[in-house]
There are 2 protein chains.
Amino acid sequence: MLTPERHRKIIEVLGEKQVVTIQELVDATVSSESTIRRDLSQLQKEKKLKRVHGGASLLHQKSEELSVVEKSARNASEKEQIAQFASDFIDKGDCIYLDAGTTTLKMIPFLQDKEVTVVTNAISHLDALNEYEIKTYLIGGLVKSKTKALVGSAALKSLNSYRFDKVFLGINGIHLHAGFTTPDPEEAAVKQLAISLSQKAFVLADHTKFNEASFSKVAELNEAIIITNEVDEEVAYDYQDKTDIRVVTS
Amino acid sequence: MLTPERHRKIIEVLGEKQVVTIQELVDATVSSESTIRRDLSQLQKEKKLKRVHGGASLLHQKSEELSVVEKSARNASEKEQIAQFASDFIDKGDCIYLDAGTTTLKMIPFLQDKEVTVVTNAISHLDALNEYEIKTYLIGGLVKSKTKALVGSAALKSLNSYRFDKVFLGINGIHLHAGFTTPDPEEAAVKQLAISLSQKAFVLADHTKFNEASFSKVAELNEAIIITNEVDEEVAYDYQDKTDIRVVTS
DNA sequence: CATTTTTCAATCAAAAACAATCAAAAATAA
DNA sequence: TTATTTTTGATTGTTTTTGATTGAAAAATG
């Protein structure tokens, strides 16, 4: 039985029964226990089910917790795919900086079991971070009323007292000469500093952001790894020596 | 039978019967007494039921008191009065610190035309502050998930870079010997520092807070002016030399 | 009130389920 | 075809769950 077929079957059985044992799945799919375990691990990572000791159970098996962020990752949007892929780079126990932005927001469900400490300047991320019970520090600063992000010199000063394993940023433009750019100078300054405080920096951007440039420069291309959902040949060729691009797989 | 399945079953049985014995659950789930006991312990910790001798009962969420609603309504208007009265002390152009808490929250509508700059540790105040278009700085720090306030050493450090004309604090206890007190030590530390950074400090408290003491001391009585809605004679007499009490006038 | 019975939490060893590893098999690429 | 990668299932030692047993605590009984 082929992998996607098995996965479909598992989800199907689970849909009928709420919970299944590994053994039931072994019988239903005629494959080994090891294989089923691997399937369950993968499906759990994709947020399609929850593993429990002895088998698996439906994710939100009726009432509780349908979340702020998560709209059943079954048909993940581009941004969700990028977010999930990005979160694979995070190790257990990492301290990470999560920039404001919709893509970074979508990373939050995938942080749940990583025991990370998150620092952010995004007030709008706090509900989701709280929901997934993630230890969170907010930097200080001026509350920018439109975007609900923290900016300004106080924000920079506050941010400067942290150090990170990884930072994850959204960005508006990726350009061969202009580098990473974003419209707002104040937010650019925050992103810039965040990059400099981290071992590794990741920029999350869908393919439409390539060869675009905004007003404020955040960093040079080589200062961060780009995570995106697709690159056409031309882009791949143009950027290959300038930066590190990782494309969503699976 | 898998753990979550058993748990579902227990809750289900309990939903029908109000109370169940351990033995009934042993029969219903075909597992041992020990296992059921463990399940009950866990479910109790998750606040899904209440253990009783011999079994478990569902926690009576009916809630008898309608008076709670009335009480909170009356409380709300008291708090509003206090809030309005407190905001009279603010001058145009002041820089003020607004502590987390319901009473301080109610001050926000009265700040609109005062051209104040607000610094706060209360994430829950931001919506209102934004609504009334008040220039707002948030201090940094650890996000305390329950109260949505910023606390911890990072919060203190961040707060320490501001200076205020006035600070407004909520408080849980006002006591002749214990001074101003509040239940949480971390929040107490923030309040304490805020007072020391300000020219003037105001404590907002309704009359029920007098002669009460909580766990953590915030300050001595003479370090802040108390704003309250009413004081009986005895309190007025006892406190007159120790602190400055202003009673709402309308 | 003392005694008996029931229920309880704590402990422990057996059983079940687990992640990790590895070599064989299958699929894919060269 | 052959070489290389991916997937699979068996095996390993480890962790988690389980049910039996214990003496202590709580209710029931006389």
Side-chain angles (χ1 to χ4, degrees), chain A residues 1-14 17-59 61 81 84-85 87-94 110-116 233 236 246-250, chain B residues 1-14 17-59:
Chain A
M1 204 176 213
L2 273 46
T3 308
E5 198 179 349
R6 241 176 18 243
H7 286 194
R8 248 193 339 96
K9 188 94 190 173
I10 291 172
I11 298 292
E12 182 191 319
V13 173
L14 202 52
K17 301 202 43 182
Q18 313 275 82
V19 283
V20 267
T21 65
I22 298 244
Q23 202 47 55
E24 285 171 320
L25 293 172
V26 167
D27 295 343
T29 63
V30 200
S31 41
S32 76
E33 208 177 290
S34 298
T35 302
I36 296 296
R37 283 185 201 292
R38 272 185 289 257
D39 288 342
L40 293 183
S41 291
Q42 191 182 337
L43 289 169
Q44 169 168 266
K45 210 176 83 175
E46 294 169 10
K47 305 234 173 275
K48 302 203 176 143
L49 53 75
K50 180 171 173 359
R51 290 192 71 176
V52 298
H53 199 89
S57 95
L58 231 44
L59 204 42
Q61 62 184 23
Q81 287 180 334
Q84 175 172 7
F85 190 71
S87 60
D88 283 345
F89 290 93
I90 298 171
D91 296 315
K92 243 187 182 175
D94 273 353
F110 300 105
L111 305 180
Q112 192 164 32
D113 301 315
K114 301 229 172 192
E115 295 165 27
V116 291
E233 269 183 42
R246 308 295 176 89
V247 182
V248 173
T249 56
S250 90
Chain B
M1 205 175 208
L2 269 42
T3 309
E5 201 178 352
R6 239 176 20 240
H7 285 192
R8 259 195 326 105
K9 190 96 191 172
I10 291 172
I11 298 292
E12 183 191 318
V13 172
L14 201 53
K17 303 198 47 183
Q18 313 282 77
V19 284
V20 268
T21 66
I22 298 246
Q23 202 47 54
E24 285 172 319
L25 293 173
V26 168
D27 296 341
T29 62
V30 201
S31 42
S32 77
E33 206 178 294
S34 297
T35 301
I36 296 296
R37 284 186 199 291
R38 272 185 290 255
D39 287 343
L40 293 183
S41 292
Q42 192 182 336
L43 288 169
Q44 169 168 264
K45 208 158 56 184
E46 294 169 10
K47 306 232 184 284
K48 304 264 175 69
L49 53 75
K50 180 169 171 6
R51 291 192 70 176
V52 297
H53 200 86
S57 85
L58 44 92
L59 16 78

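So you know, we letter chains A, B, ... as the sequences are listed, proteins then strands, and number each from 1.
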**Complete:** From CZ of A/R6 across to C1' of D/dT8 the rounded distance in Å is 9 Å
**Item:** Side-chain ion pair, A/D88 and A/K45, N-O less than 4.0 Å
**Value:** yes
**Prompt:** In whole Å, what is the span from the CD atom of A/Q44 to the C1' atom of C/dA19?
**Reply:** 13 Å
**Request:** Before accepting this row, confirm whether a basic side-chain N of the pair B/E5/B/K9 lies closer than 4.0 Å to the acidic partner's carboxylate O.
**Result:** no
**Message:** Does D/dT18 have its OP1 or OP2 closer than 4.0 Å to a side-chain nitrogen or oxygen of B/S32?
**Reply:** no
**Prompt:** Does B/R6 reach the main-chain N or O of B/M1 with its side chain, forming a donor-acceptor pair under 3.5 Å?
**Reply:** yes
**Asked** Quick one: CG on B/L49 to NZ on B/K47, what's the gap to the nearest 0.5 Å?
**Response** 11.0 Å
**Asked** Along nucleotides 6-13 of chain C, 5' to 3', which nucleotides get a B, which get an S, and which get a -, given that the test is a protein heavy-atom distance under 4.0 Å?
**Response** -SBS----
**Message:** In this structure, how many angstroms lie between the P atom of C/dA16 and the CD1 atom of A/I36, rounded?
**Reply:** 20 Å
**Message:** Can you list everything that forms a side-chain hydrogen bond (donor to acceptor under 3.5 Å, both in side chains) with A/E24? Sequence neighbours excluded, please.
**Reply:** A/K17, A/T21
**Request:** Measure the distance from NZ on A/K92 to P on C/dA19 and round it to the nearest whole Å.
**Result:** 11 Å
**Asked** How long is the line joining CD of A/Q23 and C1' of C/dA16, in whole Å?
**Response** 12 Å
**Request:** Identify, with sequence neighbours excluded, every residue that meets side chain to side chain contact (heavy atoms under 4.5 Å, CB included) alongside A/S41.
**Result:** A/R51
